[in-house]
Amino acid sequence: MIKAVISGTGLYTPPATIDNDELVNAFNAYVEQYNARHADDIARGMVEPLQPSSSAFIEKASGIKRRHVIDREGILNPERMKPYIPERSNEEPSVQCDMSVAAAREAMEQAGAGRDHVDAVIVACSNLQRPYPAISIEVQQALGLDGFAYDMNVACSSATFGLQAAANAVENGTARGVLVISPEICSGHLNFTDRDSHFIFGDACTAILVQRDSDVADGQGFDILGTRLKTQFSNNIRNNFGFLNRADESGEGKRDKLFVQEGRKVFKEVSPLVAETIQGHLASLELAPEHLKRMWLHQANLNMNELIARRVLGRDATREEAPVILDEYANTSSAGSIIAFHKYKDDFTSGDLGVICSFGAGYSIGSVVIRRR
Ligand code: CO8
């Protein structure tokens, strides 16, 4: 029987960063300009004045200190408040293809896998820069791979859902080696003029290579012991951007065509669901939380992760048990838990157990239990 193994991971981090003070300065300059522009209507009570943001609030409410972004200048320009990412011709690689190739090459190198060992590419992320042709097929060509490729989107859980699809394909023999790549350009869909959410997201791309066990050297990589996915419909994280927008002009430019959320509700509703999903998943594998060396959790909010880890373990988790990368990267949607895994896995020795767990819009939760070979 074929078993699926995570044999390598890769990460592309955009070089540009924005810290909280820089982001807040740009936001507050925008607020001042807006309020000055609408001074008369504000005085007549016809327009609500905008409130300033604060770095202290951002760090306390979320744990985020800075974020990496594809473009800094456009986001920090109070006249613009969105990234500037120039369009490319059809003859050039797309932005998401470039990010994907960088992360995928690192994953293949780490695994020691050549092109002959990889025959499927899943690009799994929250926001795809075009509907077709699939970004994954472009990546497949750029990497010189045979086989097949497809894109998928389950918001923050795209990478873990992609991991289940990859493990299934390897175990049932429809693929030999599958790359799951998450090129997250969250800055493209973040409303930088919205005080409640302007600080939440950053950009990054991760790649994971899943291979059949017989292709991976003994003692290398992580056995996938099991995957568990859970979805439950909610409007609390939503983005109504889509191909039907042009069919009703009245919706153009409205707030709901970018990321919107009820952050408090998400926090309250998702945290217990995640803890239950991890506990149920471990129990189904006849494992207990104390068997885990590490939880690589989705990186949206530090307080949320501490609460989830406490619920799973029955006590506070240490930073070694539940590593944090959101201080440096902010929420990179589906890339977050994989960045944590990529950066905090090298101290594992044979037999050590861990769980990768994502959660987010949908709601969607993905749990992947793994064991160092
Ligand atoms: N500066 C200063 N004060 C602020 C700010 C600010 N920027 N923002 C809000 N406040 C004020 C509010 O006005 C409020 O004031 P008052 O108490 O007087 O009413 C007070 O601060 C508290 O506000 P909140 O209750 O909103 O603050 P919270 O403590 O709940 O923190 C968070 C807000 C950080 C958003 C928190 O609720 C959170 O992180 N929740 C979880 C969210 C989450 O995990 N979401 C997952 C979404 S990601 C996902 O699924 C992927 C989607 C696809 C990606 C798309 C890319 C763009």
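Note that these values count all heavy atoms, side chains included, but never hydrogens, waters or copies made by symmetry. In each ligand, atom 1 is the first atom listed, and ligand 1 is the first ligand listed.
- Of the protein's heavy atoms, C156 SG, 2.5 Å lies nearest to atom 49 (C) of ligand 1.
- Heavy-atom proximity to C186, at under 4.0 Å, picks out these atoms of ligand 1: 56 (C), 57 (C).
- The 12-atom threshold is exceeded at CD of E269, counting heavy atoms of other residues, nucleotides or ligands nearer than 6.0 Å.
- When side chains are defined from C-beta on, S197 counts as touching L190, because their heavy atoms get closer than 4.5 Å.
- When only modelled atom types and interatomic distance are considered, K345 and T9 share a side-chain donor-acceptor pair under 3.5 Å.
- Residue A361 has at least one heavy-atom neighbour below 4.0 Å for each of these atoms of ligand 1: 49 (C), 50 (O).
- Some N or O of S54 is nearer than 3.5 Å to an N or O of ligand 1, by distance alone.
- Not a single protein heavy atom sits closer than 4.0 Å to atom 26 (O) of ligand 1.
- For atom 15 (O) of ligand 1, no protein heavy-atom neighbour is present inside the 4.0 Å cut-off.
- The ligand atoms of ligand 1 that sit less than 4.0 angstrom from a heavy atom of Q261 are 35 (C), 42 (C), 43 (C), 45 (N), 46 (C), 47 (C).
- Minimum interatomic distance between M295 and P323 (heavy atoms only, all atoms of both residues): O-CD, 3.4 Å.
- When the options R264, E262, R238 are ranked by their closest heavy atom to atom 30 (O) of ligand 1, first place goes to R264.
- Less than 4.0 angstrom separates some heavy atom of S333 from each of these atoms of ligand 1: 51 (C), 54 (C).
- Residue contact check: D196 has heavy atoms under 4.0 Å from atoms 8 (N), 9 (C) of ligand 1.
- When the side-chain hydrogen bond (donor to acceptor under 3.5 Å, both in side chains) test is applied to K65, no partner is found at least two apart in sequence or on another chain.
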Criterion salt bridge (Lys or Arg N to Asp or Glu O under 4.0 Å) on R130 and E138, from CA distance to verdict: CA-CA 12 Å; R130 62 164 186 260; E138 190 186 354; 2.8 Å; yes

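- Ranking protein heavy atoms by distance to atom 40 (N) of ligand 1, first place goes to G263 O, 3.1 Å.
- The residue among F267, Y363, F57 with a heavy atom at the shortest distance from atom 6 (C) of ligand 1 is F57.
- Proximity of M304 to ligand 1, defined as any heavy-atom pair under 4.0 Å, is confined to the side chain (atoms from C-beta onward).
- Checking only distances, N301 does come within under 3.5 Å of ligand 1, N or O to N or O.
- Nearest non-hydrogen protein atom to atom 13 (O) of ligand 1 is R195 NH1, 3.1 Å.
- Protein heavy atom at the shortest distance from atom 55 (C) of ligand 1 is N127 ND2, 3.7 Å.
- Shown here is E290, whose CD atom has more than 12 heavy atoms of other residues, nucleotides or ligands within 6.0 Å.
- The closest side-chain donor-acceptor pair between D98 and Y12, if any, does not fall under 3.5 angstrom.
- Side-chain contact between F161 and T231: present, with at least one pair of heavy atoms (C-beta onward) separated by less than 4.5 Å.
- For S53, a nitrogen or oxygen atom sits less than 3.5 Å from a nitrogen or oxygen atom of ligand 1, counting backbone and side chain alike.
- Each of the atoms 50 (O) of ligand 1 lies under 4.0 Å from some heavy atom of G360.
- An N or O contact shorter than 3.5 Å is missing between H189 and ligand 1 by distance.
- Scanning the protein heavy atoms around atom 53 (C) of ligand 1, the nearest turns out to be S126 OG, 3.6 Å.
- Annotation: side chain of E328 is in contact with side chain of H68 (closest heavy-atom distance under 4.5 Å).
- At the top of the distance list for atom 31 (O) of ligand 1, counting protein heavy atoms only, stands A61 CB, 3.7 Å.
- Taking a cutoff of 4.0 Å between a charged side-chain nitrogen and a carboxylate oxygen, D71 and R80 do not qualify as a salt bridge.
- The protein reaches atom 34 (C) of ligand 1 closely, with a heavy atom under 4.0 angstrom from it.
- Close approach of ligand 1 to V266 is summarised as follows: ligand atoms under 4.0 Å from at least one heavy atom of the residue are 42 (C), 43 (C), 44 (O), 45 (N).
- With hydrogens and angles left out, the side-chain atoms of Q299 and T332 include no donor and acceptor closer than 3.5 Å.
- Counting the atoms of ligand 1 from 1 in the order shown, those under 4.0 Å from a heavy atom of A300 are 44 (O).
- In terms of polar-atom proximity, defined here as any N/O pair under 3.5 Å, N331 makes no such contact with ligand 1.
- Applying the side-chain hydrogen bond (donor to acceptor under 3.5 Å, both in side chains) test to N127 and every residue at least two apart in sequence or in another chain returns nothing.
- Here the two rings, on F192 and Y30, have centers that are 6.0 Å apart or farther.
- Atom 44 (O) of ligand 1 is flagged as protein-proximal [any protein heavy atom, distance under 4.0 Å].
- Between the side chains of H342 and T206, no donor-acceptor pair of N or O atoms lies under 3.5 Å.
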